[in-house]
**Q** 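Okay, here's the structure, questions in a sec.
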Amino acid sequence: MKEINLYNTLTKKIEPFVANEVGKVKMYTCGPTVYHFAHIGNLRSYIMEDVLEKSFRYAGYDVKRVMNITDVGHLSSDADSGEDKMLMGAKREHKSVMEIAAFYRDAFFEDCRKLNIKTPDVVEPATNCIPEFIKMIEKLIETGYAYTAGGNVYFDTEKLERYYVLSNQNEEELMVGARDDVEEDINKKNKTDFVLWFTKSKFDDQELKWESPWGTGYPGWHIECSAISIKHLGEQLDIHCGGIDNVFPHHTNEIAQSEAYLGHKWCNYWFHVLHLNDNTGKMSKSKGDFLTVSLLERKGYHPLVYRLFCLQSHYRKPLVFSYDVLDNVKATYEKLVKKIASLGESGELENERMAEYREAFAGALGNDINTSQALTVVYDVLKADLNDASKRALLNEFDAVLSLDLTKETESEEVDVRLAAYVEEMIEKRKIARKEKDFARADAIRDELLQKGIEIKDTREGTTWSLLS
RNA sequence: GGCGACUUAGCCAAGUGGUAAGGCACGGGACUGCAACUCCCUGAUCACCGGUUCAAAUCCGAUAGUCGCCUCCA
C-alpha cells in the first residue's frame with residue numbers, strides 16, 4: 001500500500017490517509033440533483049473524485065464507493081418557502097418528476113462515460129430510501145435532536161456541542177439574508193436548524209409524497225446523504241467528497257445528524273473540490289447559460305480534452321475556464337496522444353528501471369492528488385532511457401488513474417469504401433501534379449478534399465489522409 | 001459584517017528553507033514545392049513591502065489584487 005496524503009477539510013491540514021479498516025476505503029460522493037444537465041463545472045468535481053478513487057486503487061486499496069442521486073427534496077432554499085428543484089424541472093419541461101429524474105440521470109452518466117469517469121460501485125436514488133430516512137428521523141426525535149414545528153421536522157442544532165466542525169463560522173455573524181431571495185423560516189428554533197421532513201410545504205402540487213409518522217410529505221435534502229451512506233457503507237466512513245460549496249450547510253448538517261444518530265464520530269476525511277469559474281465568476285446553472293460536455297463536443301473539443309484541462313490543475317485551486325486555455329490543452333492532448341501512438345512495441349520490460357517512474361507517479365498522487373505533477377511524470381517517461389515496450393507499459397498503468405485514453409488503440413473508423421476509393425484517386429492525381437511541379441493544381445486538389453472534410457498530409461512514407469472530426 | 005482560499009514566464013503549472021520541473025503558445029533553425037506533422041534551440045528571481053535565517057518562491061507580519069462560502073449550486 002502506497003502512502004496517500006490528503007488535505008482534510010475537517011482539520012485544514014494535509015495528513016496521511018489512514019483507513020478505518022486496513023486496505024479498504026469507504027468513500028461517499030454527493031451525487032447530482034437530476035433536474036437539469038450537468039455543466040462542466042459540476043463535472044470538474046466528479047472528474048477529480050474519480051481520480052481520487054483511482055488513486056486509492058492505484059495505491060493498492062480496495063475501494064467501495066457510493067453515490068446518491070438526488071431526485072427529491074433538494075429545495076432552492078432550506079427554508080420552508082423553498083421550491084423543489086425537481087418540481088421546477090418538471091414544470092419547465094411539462095413532464096413528470098420521475099421522467100425528469102430518469103432523463104437527467106441518464107444524461108449525467110452519459111457525460112461521465114465520455115469523460116472516463118467510473119460509475120461508483122453503488123448508485124442510490126434518494127427515492128429508494130424513504131424507509132431509511134424515516135427510521136433515522138424517528139431516532140433523532142427520540143433522542144431529542146429533532147423536533148416538530150409547523151408540521152415539519154427540524155434538526156435542533158443547539159443540542160450539539162459543536163455544530164460548525166467544517167468551517168469556522170460564528171453563529172452571531174451568520175447572515176441569513178446573505179442571498180436576498182431567501183426568506184427566514186419562522187418555525188425554526190435556531191437559525192441554523194434545518195428540515196429533516198417536510199409536510200407543510202406550501203407547494204401542494206409536490207408530486208412525490210410518502211406517508212410518515214409526521215404526516216404525508218417528503219424528506220429534506222441533507223438527510224439523504226447521511227442515510228444512504230450509512231445504509232451502504234455502515235457507521236464508519238473513511239472519506240466523503242463533494243464540491244466546496246457543500247461544506248456549509250450541506251456537509252455540516254450531514255455531520256450533525258449522522259453523529260447525533262450514530263452517537264460517535266462518523267467520517268474521518270472530507271475532500272472538497274474547488275469551483276470552476278469563468279471570467280465572470282462561478283459557473284452556475286441558475287445563471288442561465290451554462291457549458292455542457294455536449295456543447296464542447298459540438299465546438300470540436302474531445303471530452304477528454306476537458307478532463308486533461310482539469311488534471312493539469314489541482315483540485316484545490318480555483319480554475320478559470322476559457323476557450324483560449326482549452327485550445328491550449330487541446331493542442332497538448334493531441335500532441336501527447338500522437339507521441340504515445342508513435343511508440344513501438346519492441347523490447348523486454350525493464351522492470352528495474354521502470355520502478356523509478358512508478359514511484360514518481362505514485363508519489364505525485366500521494367502528494368494530495370497532485371495531478372499536474374503526475375502528468376509531468378508522463379512526459380518524463382516519454383523522454384526516459386527506456387525501451388518502447390516499457391514506456392508503453394508504464395503509460396498504460398498511469399492511464400488507469402488519469403483515464404485519458406493515452407494508450408488506447410485508435411480504432412480505424414469504418415470508412416465508406418467508395419469515399420476511400422475517391423480520396424485515393426485524388427491523392428494519386430495530386431501526386432502526378434506534384435511530380436510535374438504543377439503545384440497550383442496540387443494545392444487545388446488538397447483544397448477540394450479539405451472542403452469535403454478530408455485532410456491530407458505529406459509524410460516521408462507518402463501521403464496520408466484523415467477525416468476531420 | 002464574519003469565515004476561507006489564491007497570487008510563480010504570454011497561458012496552464014511543479015516547487016513544503018539551499019540559489020526556479022514540465023506542458024502549450026510565440027520566436028529561431030532542420031525537413032518540406034508550400035502547408036501540416038516531426039525534431040532541435042530559445043524565456044521568469046517567484047504580487048508588493050518588511051522581518052527571521054549562513055541561506056526564502058518556500059517561515060513570520062503587513063499591504064494590494066482576485067475569488068469563494070455565510071441556507072440554489074459541484
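The structure displayed is predicted, hence computed values, not measured ones. Lettering follows sequence order; numbering is per chain, from 1.
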**Q** When you check the gap from the basic side-chain N to the acidic O, do A/Lys159 and A/Asp156 get nearer than 4.0 Å?
**A**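 Between A/Asp156 and A/Lys159 there is a salt bridge, with a charged N closer than 4.0 Å to a carboxylate O.
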
**Q** Specify the separation, in whole Å, of atom CD1 of A/Ile340 and atom P of B/C37.
**A** 18 Å

**Q** Of all residues at least two apart in sequence or in a different chain, which pass the ring-ring contact (aromatic ring centres under 6.0 Å, His included) check with A/Phe155?
**A**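 If we apply the ring-ring contact (aromatic ring centres under 6.0 Å, His included) test to A/Phe155, skipping adjacent residues, the hits are A/Phe194.
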
**Q** Under 4.0 Å between a Lys/Arg side-chain N and an Asp/Glu carboxylate O for A/Lys95 and A/Glu93?
**A**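 A/Glu93 and A/Lys95: salt-bridged.
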
**Q** Taking atom P in both B/A57 and B/G50, what distance in whole Å separates the two?
**A**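 Result for the P pair: 14 Å, nearest Å.
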
**Q** Does the base of B/G33 carry an N or O that pairs as donor and acceptor with the side chain of A/Arg441 under 3.5 Å?
**A**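 Absent.
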
**Q** Looking for any heavy atom pair under 4.0 Å, which part of the strands does A/Val325 touch: base, sugar-phosphate only, or nothing?
**A** sugar-phosphate

**Q** Write down the distance separating the P atoms in B/U8 and B/U45, rounded off to the nearest Å.
**A** 14 Å

**Q** In chain order, what residues pass the ring-ring contact (aromatic ring centres under 6.0 Å, His included) check against A/Phe133, with sequence neighbours excluded?
**A**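 Listed in chain order: nothing, the list is empty.
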
**Q** Could you list the residues that satisfy side-chain hydrogen bond (donor to acceptor under 3.5 Å, both in side chains) with A/Glu334, not counting sequence neighbours?
**A**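 Checked A/Glu334 against side-chain hydrogen bond (donor to acceptor under 3.5 Å, both in side chains); zero matches.
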
**Q** Is it the case that B/A5 (base atoms only) and A/Arg316 (side chain only) share a donor and an acceptor within less than 3.5 Å, ignoring hydrogens and angles?
**A** no

**Q** Checking salt bridge (charged side-chain N to carboxylate O under 4.0 Å, His left out) between A/Asp50 and each of A/Arg44, A/Arg307, A/Lys118, which is the one that passes?
**A** A/Arg307

**Q** Select from A/Val320 and A/Val273 the residue whose nearest nucleotide in RNA chain B is closer to the 5' end of that strand.
**A** A/Val320

**Q** Could you run down nucleotides 19-24 of chain B 5' to 3' and tag each one B, S or - for protein heavy-atom contact under 4.0 Å?
**A** --BSSB

**Q** A/Tyr147 ring centre to A/Lys189 NZ or CZ under 6.0 Å, with the angle to the axis within 45°?
**A** yes

**Q** Rounding to an integer number of Å, can you tell me how far A/His250 NE2 sits from B/C69 P?
**A** 16 Å

**Q** Using a 4.0 Å heavy-atom cut-off, does A/Asp324 contact any base of the nucleic acid, only the sugar-phosphate backbone, or nothing at all?
**A**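 Nothing: the residue A/Asp324, judged by heavy atoms under 4.0 Å, touches no strand.
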
**Q** Can you tell me, in whole Å, how much space there is between the C1' of B/U7 and that of B/G15?
**A**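 These two C1' atoms come out 15 Å apart once rounded.
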
**Q** Report yes if a side-chain nitrogen or oxygen of A/Asn367 is closer than 4.0 Å to either non-bridging phosphate oxygen (OP1 or OP2) of B/G15; otherwise report no.
**A**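 Affirmative; the distance criterion is met.
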
**Q** Using only side-chain N and O atoms of A/Asn277, determine if any of them is under 4.0 Å from OP1 or OP2 of B/U66.
**A**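 Looking at the OP1 and OP2 atoms of B/U66, neither is under 4.0 Å from any side-chain N or O of A/Asn277.
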
**Q** Apply ring-ring contact (aromatic ring centres under 6.0 Å, His included) to A/Tyr323 and A/Phe321, showing your working.
**A** CA-CA 7 Å; A/Tyr323 282 107; A/Phe321 177 84; 5.3 Å; yes

**Q** Using whole Å, report how far CD1 of A/Ile369 lies from C1' of B/A14.
**A** 16 Å

**Q** When you match A/Leu43 and A/Lys338 each to their closest nucleotide on RNA chain B, which lands nearer the 5' end?
**A**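 It is A/Lys338, whose closest nucleotide lies nearer the 5' terminus.
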
**Q** What are the two closest heavy atoms between A/Asp368 and A/His314, and how far apart are they?
**A** O-NE2, 2.8 Å

**Q** Give the nucleotide from the list B/C69, B/A13, B/A35 with an atom nearest to the side chain of A/Leu319.
**A**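 Shortest atom-to-atom distance from the side chain points to B/A13.
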
**Q** Nearest to the side chain of A/Asp443, which nucleotide is it out of B/C70, B/C11, B/G33?
**A**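 Of B/C70, B/C11, B/G33, B/G33 is nearest to the side chain of A/Asp443.
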
**Q** When the P atoms of B/A35 and B/G29 are considered, how many whole Å apart are they?
**A** 12 Å

**Q** Taking atom P in both B/U16 and B/G22, what distance in whole Å separates the two?
**A** 16 Å

**Q** A/Phe361: which residues meet the ring-ring contact (aromatic ring centres under 6.0 Å, His included) condition with it, sequence neighbours left out?
**A**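 Checked A/Phe361 against ring-ring contact (aromatic ring centres under 6.0 Å, His included); matches are A/Tyr58, A/Phe398.
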
**Q** What's the separation between atom CZ in A/Phe309 and atom CG in A/Leu326, rounded to the nearest 0.5 Å?
**A**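 One finds 6.5 Å between CZ of A/Phe309 and CG of A/Leu326.
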
**Q** Looking only at side-chain atoms of A/Arg434, point me to the closest of B/C34, B/A13, B/C12.
**A**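 Nearest to the side-chain atoms of A/Arg434, counting from C-beta on, is B/C34.
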
**Q** B/G17 and B/A5: how far apart are their C1' atoms, nearest whole angstrom?
**A** 24 Å

**Q** Check the orientation of A/Phe108 and A/Tyr46. Use parallel for under 30°, tilted for 30 to 60°, and perpendicular for over 60°.
**A** perpendicular

**Q** Using the P atom as the point on both nucleotides, what is the distance between B/U32 and B/A13, in whole Å?
**A** 40 Å

**Q** Please state how far atom CD1 in A/Ile244 lies from atom P in B/G68, giving the value in whole angstrom units.
**A** 13 Å

**Q** When you look for runs of 3 or more Watson-Crick or G-U pairs in a row, both distances below 3.5 Å, which of them include RNA chain B?
**A** B:1-7 with B:64-70, B:10-12 with B:22-24, B:27-30 with B:38-41, B:49-51 with B:59-61

**Q** Over all strands shown, is A/Gly242 touching base, sugar-phosphate only, or nothing at heavy-atom distances under 4.0 angstrom?
**A** sugar-phosphate

**Q** Let me know the distance between NZ of A/Lys317 and C1' of B/U8, rounded to the nearest Å.
**A** 8 Å

**Q** Calculate the interatomic distance between A/Asp368 atom CG and B/A14 atom C1'; express it in whole Å.
**A** 14 Å

**Q** Taking atom C1' of B/G4 as reference, at what distance in whole Å does atom NE2 of A/His251 sit?
**A** 17 Å

**Q** Can you check the A/Leu274 CG to B/C67 C1' distance for me, whole Å?
**A**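 Going from CG in A/Leu274 over to C1' in B/C67 covers 9 Å.
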
**Q** Taking B/C12 as the reference, what is the distance to B/A64 when you measure between their C1' atoms (whole Å, please)?
**A** 24 Å

